[in-house]
Structures are given as structure tokens and as C-alpha cells.
Amino acid sequence: MEPKISEICNGMFLLEGFAEPLALHKDLQSVLDFSPLRTMTTRRGHAISAAMSNCGPLGWVSDRSGYRYQSVDPQTRQPWPDMPPGFQRLATSAAEAGGFDRFVPDACLINCYAPGAGMGSHQDADEADFSQPIVSVSLGLPARFFVQGKERKGRSIAVDLVSGDVVVWGGPARLYYHGVRPLKPGYDDVFGAFRFNLTFRRAA
Ligand code: MD6
Ligand code: FE
């Protein structure tokens with residue numbers, strides 16, 4: 001099946017059904033067996049409602065010292081688990097479909113949302129090179145994603161993302177404010193009562 005590609009806004013592309021949820025489920029499970037999902041906190045000590053983990057050379061962490069990428073999981077005190085080859089292939093091929101050649105991610109952040117969990121408006125600005133895209137894979141329960149723009153205000157664009165959808169962000173949209181509305185309860189045959197999101201980045 002040819003994936004359906006549409007441009008959400010300035011350099012942000014939606015690839016509907018580009019990922020195979022069942023194939024990713026097994027790899028995700030083995031990553032999480034090694035570095036389990038956990039609740040991270042903001043610098044101010046507030047719990048982030050999505051549970052998180054990482055795989056690949058660098059992982060995104062947040063705690064009382066702030067946000068950063070680091071090679072060691074603070075919970076296991078081991079390096080993050082390897083990025084499964086199927087994850088890497090998906091990230092590179094999705095980026096290519098969105099017009100970004102030779103994208104090689106060094107970080108994969110895993111977000112897990114239970115019903116009620118969401119993500120407030122934020123910018124992804126902890127990476128070294130903003131000319132590199134971000135590839136975002138949605139799995140499990142559907143979610144409403146919103147995109148604002150260069151500022152955290154004004155009208156937002158809503159995008160409903162379902163399991164297998166991939167969003168490739170580059171160009172001007174790379175630094176747009178965005179977030180996820182609180183998840184509605186439901187059940188997904190592969191991922192159960194949760195939504196998972198994988199974001200692949202070039203962090204360093
Ligand atoms: C999520 N995603 O979909 C949260 N950030 O659960 C993000 O915050 C995000 O999907 C940067 C680029 C793509 C994303
Ligand atoms: Fe983000």
C-alpha cells in the first residue's frame with residue numbers, strides 16, 4: 001500500500017499508516033524490559049504525565065537539574081538499550097519520504113500515555129542541529145496532536161494521530177510549539193489501554 005503523505009504545515013509531513021505497529025511492539029517490549037518506563041519530573045519538580053524511556057546512544061532525561069540528553073539511563077545506571085534495527089530503518093525511511101535524506105537518529109525517546117495523560121505546549125529545542133528532522137511514530141490509542149507556531153499562543157492546527165501514523169518534522173516547523181491533548185480511554189488490540197509515541201532525533 002502506498003502511504004498517504006500530506007503536509008500539515010511548513011515542513012511537517014503526515015505519513016498515514018507508514019509504520020507497522022505489530023512489528024514495532026516486540027522491539028519496544030524488549031527495550032522496555034531493559035530500561036523500564038518511568039515518571040520524570042520537570043526542573044520545578046512537577047511529574048510529567050507521560051511515562052518515558054529511551055533507546056539508542058542518547059536518551060532525553062528531565063529532573064531537578066533540567067532537561068538534557070545523556071548516554072546513561074539514570075535508573076539502571078547502564079547505557080540505554082540499543083536502538084532496534086527495525087526502529088532505525090523506519091526512522092530513516094520515513095525521513096526520506098518526508099524529503100530528508102540520510103537521517104541517522106542517535107536518540108529515540110519513548111513516551112507512554114495512559115488515559116488523561118497529555119503533553120503541554122512545548123518546543124523541541126534540546127538538540128544540537130535544528131536542520132535535522134524529527135521523526136515521530138504514534139502507536140496504540142489515538143490522540144489529538146496540536147501545533148501552534150513560533151509562539152505558544154494563538155490558533156492551533158489539530159491532527160488526529162492513529163496507530164501507525166508517522167510525522168516527519170523539519171524546516172520551519174521544526175521549532176514550532178506543539179503538544180498532545182489528554183488521551184481518551186480506549187483499547188488497542190496491540191498496545192492495550194495506552195498510546196506510545198517514539199520520537200527519533202539527531203540529538204548530538
Ligand atoms: C507525542 N510528541 O506525540 C509527543 N515533538 O506524544 C512530541 O512532543 C514531538 O511528536 C517533536 C517532534 C515530534 C513530536
Ligand atoms: Fe515535542
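Because the structure is a prediction, the values reported are computed rather than measured. Whatever order the structure lists them in is the order used to number ligands and atoms, beginning at 1.
Between M52 and the options L109, V61, T39, a side-chain contact (heavy atoms from CB on, under 4.5 Å) holds for only L109. A side-chain contact (heavy atoms from CB on, under 4.5 Å) with L183 holds for exactly one of R144, M119, R195; it is R195.
At the top of the distance list for atom 10 (O) of ligand 1, counting protein heavy atoms only, stands S136 OG, 2.7 Å. The closest protein non-hydrogen atom to atom 13 (C) of ligand 1 is W169 NE1, 3.2 Å. Among all non-hydrogen protein atoms, the one lying nearest atom 2 (N) of ligand 1 is N197 OD1, 3.6 Å.
Close approach of ligand 1 to V180 is summarised as follows: ligand atoms under 4.0 Å from at least one heavy atom of the residue are 1 (C), 3 (O), 4 (C), 6 (O). Those atoms of ligand 1 that come under 4.0 Å of a heavy atom in R195, given as number and element, are 1 (C), 3 (O), 6 (O). Near H178, the atoms of ligand 1 lying under 4.0 angstrom from a non-hydrogen atom of the residue are 5 (N), 7 (C), 8 (O), 9 (C), 11 (C). Shown in contact with H122 at under 4.0 Å from a heavy atom are these atoms of ligand 1, numbered in order with element: 8 (O). Residue F145 approaches ligand 1 through these ligand atoms, each under 4.0 Å from one of its heavy atoms: 2 (N), 3 (O), 10 (O). Those atoms of ligand 1 with a heavy atom of T199 less than 4.0 angstrom away are 9 (C), 10 (O), 13 (C), 14 (C). Set against the non-hydrogen atoms of Y113, the atoms of ligand 1 under 4.0 Å away are 1 (C), 4 (C), 6 (O). Atoms of ligand 1 lying under 4.0 Å from at least one heavy atom of D124, given by number and element, are 5 (N), 11 (C).
By the 30° and 60° cut-offs, the orientation of the rings of F191 relative to F196 is tilted.
Here the closest non-hydrogen pair linking E127 and R202 is CB-O, 3.7 Å. A pairwise comparison of heavy atoms in R174 and F130 identifies CG-O, 3.4 Å as the closest pair.
Within D124, the N, O or S atom at minimum distance from the Fe ion (ligand 2) carries the name OD1. As for H178, its N/O/S atom nearest the Fe ion (ligand 2) is the one called NE2.
A salt bridge links D124 with R201: the distance from a Lys NZ or Arg NE/NH1/NH2 to an Asp or Glu carboxylate oxygen falls below 4.0 Å. In summary, R68 and D63 engage in a salt bridge, as defined by a charged side-chain N under 4.0 Å from a carboxylate O.
Atom CD of E20 has 12 or fewer neighbouring heavy atoms from other residues, nucleotides or ligands inside a 6.0 Å radius.
Checked by atom type, the side-chain pair Y69/D106 shows no donor-acceptor distance below 3.5 Å.
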